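This one's a predicted model, so the numbers in the text were calculated from it and none came from an experiment. Below, read A as the first sequence line, B as the second, and so on, with proteins coming before strands; counting in each chain starts at 1.
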Amino acid sequence: MGKASKLNIRRIVIAALVLYIVLLLGPIAGFDIPNIAAAIQANPLQLVQFLIIGLANGAIIAIIGLGYTMVYGIIELVNFAHGDVYMIGVFTSLTVLSLTGTLDTDSPGKIILGLILALVIAIAVGAGLNATVERVAYRRLRNSSRLAALISAIGVSFILENTGLIWAAQSWLVPSFGTTGGASQKVFPDLLGKIMAAYGLDVNLLANTGIALRFTIKDLMVMVLAGAMMLALRLFVQNTKMGKAMRATAQNRDAAKMLGIDIDWVISTTFLIGGGLAGAAGLMAGLYNNTAWWFMGFRAGLQSFTAAVLGGIGNITGAMLGGILIGLLASFSDGYLNARWTNAWVFATLVLILLFRPSGLLGEQVGEKA
Amino acid sequence: MLELTDVHTYYGNIHALKGISLKVDDGEIVTLIGSNGAGKTTTLRTIQGLLRPRSGSIKLDDLELHKLPSHQVAAKGIAQSPEGRMIFPRMSVLENLEMGAYARTDKDGIQQDLERVFGLFPRLKERIKQKGGTLSGGEQQMLAMGRALMARPRILLLDEPSMGLSPILVDLIFDTIVAINKEGTTILLVEQNALMALSIAHRGYVIQTGEIILTDNAAKLQENEMVQKSYLGVE
């Protein structure tokens with residue numbers, strides 16, 4: 001006993017403290033159970049609505065979370081700059097859409113072409129940026145203490161955020177729509193709504209069905225794209241030679257080297273894929289939430305990192321599951337509690353997982369880790 | 001075929017190999033015996049390119065291996081069953097074996113070698129879909145050797161294949177080593193179990209604190225008084 005029971009007591013004390021703070025903040029944060037129950041009873045359909053919103057947001061979080069989990073799985077580094085790569089993805093998309101005139105046209109064909117181009121370029125920029133960051137800021141630190149690489153990651157995060165701040169101030173790249181300065185939130189125009197309008201359709205796909213729910217073209221786009229990317233990634237990691245090399249490197253780097261696997265190239269590929277996913281998530285989130293902001297990578301990073309830890313960091317399926325769960329948590333918190341406190345709930349989740357199940361939901365499952 | 005000349009390897013400031021010279025000829029089983037920490041594993045890791053020698057040369061025929069990055073050494077025909085086995089715990093037995101053939105592209109040859117490995121280790125075939133991490137120690141050793149054979153190496157490096165195994169399994173593993181050698185694979189065997197190693201090897205080297213202190217054919221080493229006293233436990 002001794003050591004183990006002492007550890008447990010400490011954990012329970014910390015958990016009690018977290019719970020106490022939660023209860024203390026309860027009324028402010030809207031954690032009022034009878035009230036919530038009443039709200040659900042009054043409008044049960046709303047629950048489904050928040051579910052839809054949660055799934056769509058969760059899909060975006062999952063896509064970003066994959067980048068955290070893949071990188072952690074292979075070099076055990078929490079890439080703190082990852083959320084900011086996603087932010088750069090948003091600005092890249094907006095800039096491509098602006099420079100190609102997609103924002104000004106009403107022709108649905110041109111908008112779709114512009115969106116496809118923006119997706120391709122956002123993926124390329126995200127991938128290239130992430131791999132460059134690895135080459136410049138992490139590779140030399142691979143054999144030094146983990147803290148060194150972590151601090152380097154935080155530094156890269158600052159650099160990218162300030163890049164975003166400068167970028168946002170360039171109105172010839174990022175249309176200002178009346179807002180001023182780089183620090184303000186920019187509008188990311190609702191191009192999907194515009195396409196629907198051009199065909200005389202409602203943005204809400206359930207508009208004429210009599211169901212009092214909103215399931216918009218945006219929800220559909222996010223879920224389809226995210227689902228396709230997750231499926232593609234799974235197939236890639238399970239079946240291709242490079243995918244197998246990535247798993248082998250994650251499981252035993254020395255053995256992988258002995259078998260002739262070029263570790264540097266495998267790690268670069270991991271960063272390329274993670275960055276590409278973050279870039280794609282940038283376009284998706286821009287179209288979904290219709291904002292672009294230099295600091296948006298922070299919140300997205302926090303939520304995606306929590307999702308990765310919740311699912312079991314290093315585990316690809318886990319990141320997908322964790323992303324959906326965090327999306328739902330955030331959506332229900334926004335809906336029934338208090339949107340200002342959503343981040344606090346996400347943080348509280350992170351603390352509780354780290355205390356009671358640091359390996360995450362799927363962390364101990366054999367076979368899936370990549 | 002494989003020749004190390006005056007190889008010096010360091011871990012940071014620790015001088016681990018102090019001028020190792022050894023030679024393995026085509027078709028031989030050569031063993032490197034010595035106690036814990038003598039530099040046996042370091043020697044194999046240096047040959048494999050995981051550690052870079054500070055001076056000296058490692059040649060495979062005329063090819064200077066020590067100048068190649070580690071991932072290219074495997075492709076030149078050096079494969080290893082490493083200390084601690086280092087199998088991939090969350091990959092299936094089949095995937096582990098496939099990874100062994102990572103540097104190869106000849107599909108037919110790979111399939112042939114897969115059958116060969118299953119012929120040598122029927123247990124692996126029975127457990128083909130099982131995750132590597134769920135195998136027993138003996139099965140993991142078979143998998144590590146099988147994975148190395150999948151590279152169809154010119155020279156197979158074996159690091160302590162008997163470690164942690166029951167006497168029956170040790171016999172099985174050593175019989176298999178002889179069989180692999182008879183099929184034409186040259187072997188460099190590192191062992192603490194000097195008795196077993198010398199019983200199957202053609203020649204041997206004795207390593208002590210990073211230096212080769214003795215070399216001879218295996219039969220003569222078995223009779224050597226110092227070897228008997230230090231490594232064979234003969235009083």
Considering all heavy atoms of both residues, which atom of [X] and which atom of [Y] are nearest to each other, and what is their separation?
X: B/P82; Y: A/M258; result: CB-CE, 3.6 Å
X: B/R147; Y: A/A255; result: NH2-CB, 4.0 Å
X: A/L259; Y: B/Y102; result: O-CB, 3.9 Å

Sub-4.5 Å side-chain heavy-atom contact between [X] and [Y]:
X: B/E98; Y: A/K241; result: no
X: B/F88; Y: A/R247; result: no
X: B/L50; Y: A/K257; result: yes

Take atom [atom1] of [X] as the centre, draw a 6.0 Å sphere, and report whether it contains more than 12 heavy atoms from other residues, nucleotides or ligands.
X: A/N239; atom1: CG; result: yes
X: B/R52; atom1: CZ; result: yes
X: A/F236; atom1: CZ; result: yes
X: B/K18; atom1: NZ; result: yes
X: A/R11; atom1: CZ; result: yes

Contact winner vs chain A - B/R45, B/M99, B/Q72, heavy-atom pairs under 4.5 Å: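 The candidate making the most pairs under 4.5 Å is B/M99.
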What part of B/E95 gets closer than 4.5 Å to chain A, counting heavy atoms only: side chain, backbone, both or neither?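 It is the side chain, since no backbone atom gets that close.
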Distance (rounded to the nearest 0.5 Å) between A/D254 CG and B/M86 CE: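 Answer for the CG-CE pair, A/D254 versus B/M86, is 5.0 Å.
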